[in-house]
Protein chains: 2
Amino acid sequence: MDNDEHKVVPIKKNMEPAQRPLTLKDVSLASGVSEMTVSRVLRNRGDVSDATREKVLKAAKELGYVPNKIAGALASSRVNLVAVIVPSLSNMVFPDVLTGIQEVLDGTPLQAVFGVTNYSPEKEEEVLFEMLSWRPSGIILAGLEHSDASRSMLRSSGIPVVEIMDTDGEPIDAVVGISHRRAGREMARFIVRNGYRNIGFLGSKMPMDHRARKRFEGFTEALAKEGIEVQDQDFYDGGSSLLKGREMTARMLARTPELDFLYYSNDMIAAGGMLHCLDNGIDVPGQVGLAGFNGSEFLAGFARRLATMDSGRREIGREAARIIAERTADAALPPGQKIELSPRIEPGDTLVRK
Amino acid sequence: MDNDEHKVVPIKKNMEPAQRPLTLKDVSLASGVSEMTVSRVLRNRGDVSDATREKVLKAAKELGYVPNKIAGALASSRVNLVAVIVPSLSNMVFPDVLTGIQEVLDGTPLQAVFGVTNYSPEKEEEVLFEMLSWRPSGIILAGLEHSDASRSMLRSSGIPVVEIMDTDGEPIDAVVGISHRRAGREMARFIVRNGYRNIGFLGSKMPMDHRARKRFEGFTEALAKEGIEVQDQDFYDGGSSLLKGREMTARMLARTPELDFLYYSNDMIAAGGMLHCLDNGIDVPGQVGLAGFNGSEFLAGFARRLATMDSGRREIGREAARIIAERTADAALPPGQKIELSPRIEPGDTLVRK
DNA sequence: TTGAAAGCGCTAACAT
DNA sequence: ATGTTAGCGCTTTCAA
């Protein structure tokens with residue numbers, strides 16, 4: 001849509017005359033109770049008589065008082081915010097992680113705040129700095145690879161840090177995820193065990209995506225042990241899409257017709273590849289076997305069930321949030337937990353030959 | 001993945017001994033410059049000699065000082081946060097909106113903070129209260145339907161409020177979106193003009209989703225003008241998926257075989273319906289025409305291009321963010337703008353018969 | 001160009 | 001059960 005086509009209509013609004021926001025004092029005055037007691041009522045703290053409590057709540061409600069957390073946080077040096085930093089939202093995988101985080105935090109006083117890095121370490125550094133400057137109670141961020149500056153900010157932040165998605169590497173504090181190397185290895189073995197020998201790989205450009213790279217490394221490593229080499233490989237820029245998967249698959253099969261298996265770095269492009277094969281009468285898995293990665297829900301909708309591997313995204317979010325919640329509730333808990341989930345192969349209909 | 005299978009490994013960490021976070025005073029001491037001047041340097045404010053500036057920056061960097069925005073915000077009563085409240089992240093549509101918002105805010109001092117309501121007005125009220133208590137510079141939230149309490153909080157917040165996605169209703173302040181009634185009407189006319197008469201509708205349960213409801217209302221209204229009634233309709237609970245689209249379509253076509261068109265409330269279930277038809281040898285659009293809604297990118301990956309209507313999600317995010325940014329930069333700007341985008345029908349291959 | 005004092009709106013800690 | 005006092009770490013304002 002071009003800007004030109006927007007229909008822009010100014011509308012007259014009698015907004016309330018941008019009043020000064022209400023403070024505790026206003027509620028105190030309105031209810032005839034000291035600021036301190038008002039504060040107690042509003043936070044359910046300490047002993048307050050029912051009569052006073054009701055007076056205060058009534059006054060607060062009638063005035064429409066909204067507490068100022070900025071002031072509260074400064075005074076109490078407690079900020080019930082959890083910073084969550086992910087590389088992308090358009091990815092299908094991170095929304096699931098965020099959902100898992102929300103589920104757990106909803107049962108606590110903590111509130112998640114999201115930042116997005118677009119897979120850029122510099123941007124990550126900026127977002128991190130910005131978020132740390134709000135003095136959150138904890139940080140959850142994707143991956144184990146960060147700039148030196150980011151690592152040192154995290155280390156000296158004094159708050160629980162949970163790195164998620166990936167366990168292959170040295171965490172700063174706690175880590176929840178899967179081993180992508182192992183995921184790659186296991187998939188390689190499974191593929192070979194099912195009789196495939198001419199294997200192609202399609203993935204996103206590696207420097208951006210460490211987890212895809214590690215899967216690829218584990219994959220080729222396990223193949224090498226069987227004396228097998230990847231016959232062809234192709235890498236794409238930017239986001240994943242069905243269309244890219246389709247096009248890349250067409251190109252690769254044309255270029256290297258002897259391939260009998262294609263391993264993709266995610267379900268979206270894998271599904272595109274599957275559509276290409278099915279639409280072009282390529283026998284799957286008879287002629288070519290296929291596998292993706294992530295265990296995405298949308299795979300359930302296709303005629304053929306694509307082989308994949310569940311990456312436990314939601315569970316990862318839940319566990320990460322649980323760690324933060326526990327450590328926030330009890331500062332005496334030790335740092336440095338590692339939770340490695342076990343991804344499981346879902347063979348679907350595109351891997352095991354009848 | 002069950003909890004039982006997690007491999008949990010405690011790891012020893014020599015975290016820095018949870019030091020007191022650094023303050024301006026520390027930088028002041030380290031650089032031999034007053035706190036005030038340090039503050040000036042760190043905010044690029046006022047006149048500071050180059051020599052002092054460098055001393056301060058060096059000290060801040062060496063110490064690893066991260067400013068405390070809580071204190072800064074309290075002192076200046078300025079908070080560079082924009083609260084963004086959406087119903088869902090798993091939806092494909094909201095990540096696009098958020099991306100649009102981020103794109104625009106990235107060029108400003110403003111920072112987006114996201115909250116999710118799961119389509120629940122009560123949850124919206126909670127999230128809104130929580131966010132307003134951080135005194136953000138502006139609010140962007142989806143839809144025009146809110147609880148009375150939410151409306152009154154928004155009205156008295158004294159900050160720019162932009163309601164997005166939908167323009168059919170009375171906005172609190174500014175609004176950016178499309179008219180879903182009009183979208184439904186236009187699609188109805190286009191369908192009828194292309195010769196279809198026996199039309200079915202498949203959508204999400206309405207009480208949750210006002211925009212889907214409005215499209216449906218506009219749709220039936222325009223059909224009625226042509227003397228046509230929707231022949232069959234079905235509504236589902238919960239999230240959208242290819243699989244649901246597939247199953248609902250199968251059921252509806254079995255139940256009402258005379259249908260020659262299916263209008264879906266979104267692209268995901270529409271694509272599922274398309275897959276059902278194609279996989280079962282149903283001639284599209286010869287026997288049944290199909291259309292979805294949203295202009296989703298992933299439609300490009302299918303063999304047949306599904307008819308849809310671009311909802312301008314990203315553009316909506318950009319415009320909303322622009323309004324907040326402008327009004328924040330210049331408080332004198334008037335409130336109450338309405339920006340209505342024009343959705344355009346993308347007929348693809350599933351609507352117009354050859 | 002730099003510094004000193006006051007205070008943002010709330011809560012911790014200590015009265016009463 | 002309620003109130004008083006003294007900050008939290010910064011920025012505003014005014015002075016030098």
Side-chain angles (χ1 to χ4, degrees), chain A residues 19-57 59-60 63-81 109 130 132-137 157-158, chain B residues 19-57 59-60 63-81 109 130 132-137 157-158:
Chain A
Q19 58 213 323
R20 165 187 65 74
L22 298 167
T23 68
L24 264 190
K25 191 181 220 164
D26 295 304
V27 183
S28 165
L29 259 35
S31 61
V33 173
S34 78
E35 286 185 47
M36 197 53 234
T37 301
V38 172
S39 170
R40 287 192 183 101
V41 171
L42 265 26
R43 287 176 299 143
N44 289 308
R45 274 288 173 65
D47 297 313
V48 182
S49 74
D50 284 352
T52 331
R53 154 169 282 102
E54 300 215 344
K55 254 196 301 191
V56 170
L57 289 177
L63 293 173
Y65 172 67
V66 178
N68 184 333
K69 290 222 178 191
I70 305 265
L74 183 62
S76 65
S77 27
R78 254 179 280 114
V79 182
N80 52 348
L81 253 29
E130 175 74 23
L132 284 178
S133 74
W134 288 101
R135 301 283 188 268
S137 296
S157 68
Chain B
Q19 59 212 320
R20 165 186 63 76
L22 298 166
T23 69
L24 263 191
K25 190 182 222 165
D26 296 304
V27 183
S28 166
L29 259 34
S31 61
V33 173
S34 79
E35 286 185 47
M36 198 49 239
T37 302
V38 173
S39 169
R40 287 195 181 98
V41 172
L42 266 25
R43 286 176 301 143
N44 290 308
R45 275 290 174 65
D47 297 313
V48 182
S49 74
D50 284 352
T52 330
R53 154 170 281 101
E54 301 215 344
K55 254 195 304 191
V56 170
L57 289 176
L63 293 174
Y65 172 68
V66 178
N68 185 332
K69 290 221 176 189
I70 305 267
L74 183 61
S76 65
S77 24
R78 257 180 276 113
V79 182
N80 297 330
L81 254 28
E130 177 75 22
L132 284 178
S133 73
W134 288 101
R135 301 284 187 269
S137 295
S157 68

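Note on naming: letters A, B, ... go to the chains in the order of the sequence lines (proteins, then strands), and numbering restarts at 1 for each one. Because only heavy atoms are used, hydrogens play no part in the values below, and waters and symmetry mates are left out as well, while side chains stay in.
Considering Val38(B), Val27(B), Val56(B) in turn, Val27(B) is the only one that fulfils the side-chain contact (heavy atoms from CB on, under 4.5 Å) rule with Tyr65(B). With respect to Arg53(B), the side-chain contact (heavy atoms from CB on, under 4.5 Å) criterion is satisfied by exactly one of Val33(B), Thr37(B), Val48(B): Val48(B).
Looking at every heavy atom in both residues, Ser137(A) comes nearest to Asn80(A) through OG-CA, 3.9 Å.
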### Per-nucleotide protein contact string for nucleotides 1-11 of chain D (B base, S sugar-phosphate only, - none; heavy atom under 4.0 Å)
SBBB--BBBBB

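For the pair Ser133(A) (side chain) and Val66(B) (backbone), a donor-acceptor distance under 3.5 Å is absent. Not one N or O on the side chain of Ser28(B) forms a donor-acceptor pair closer than 3.5 Å with the backbone of Leu24(B).
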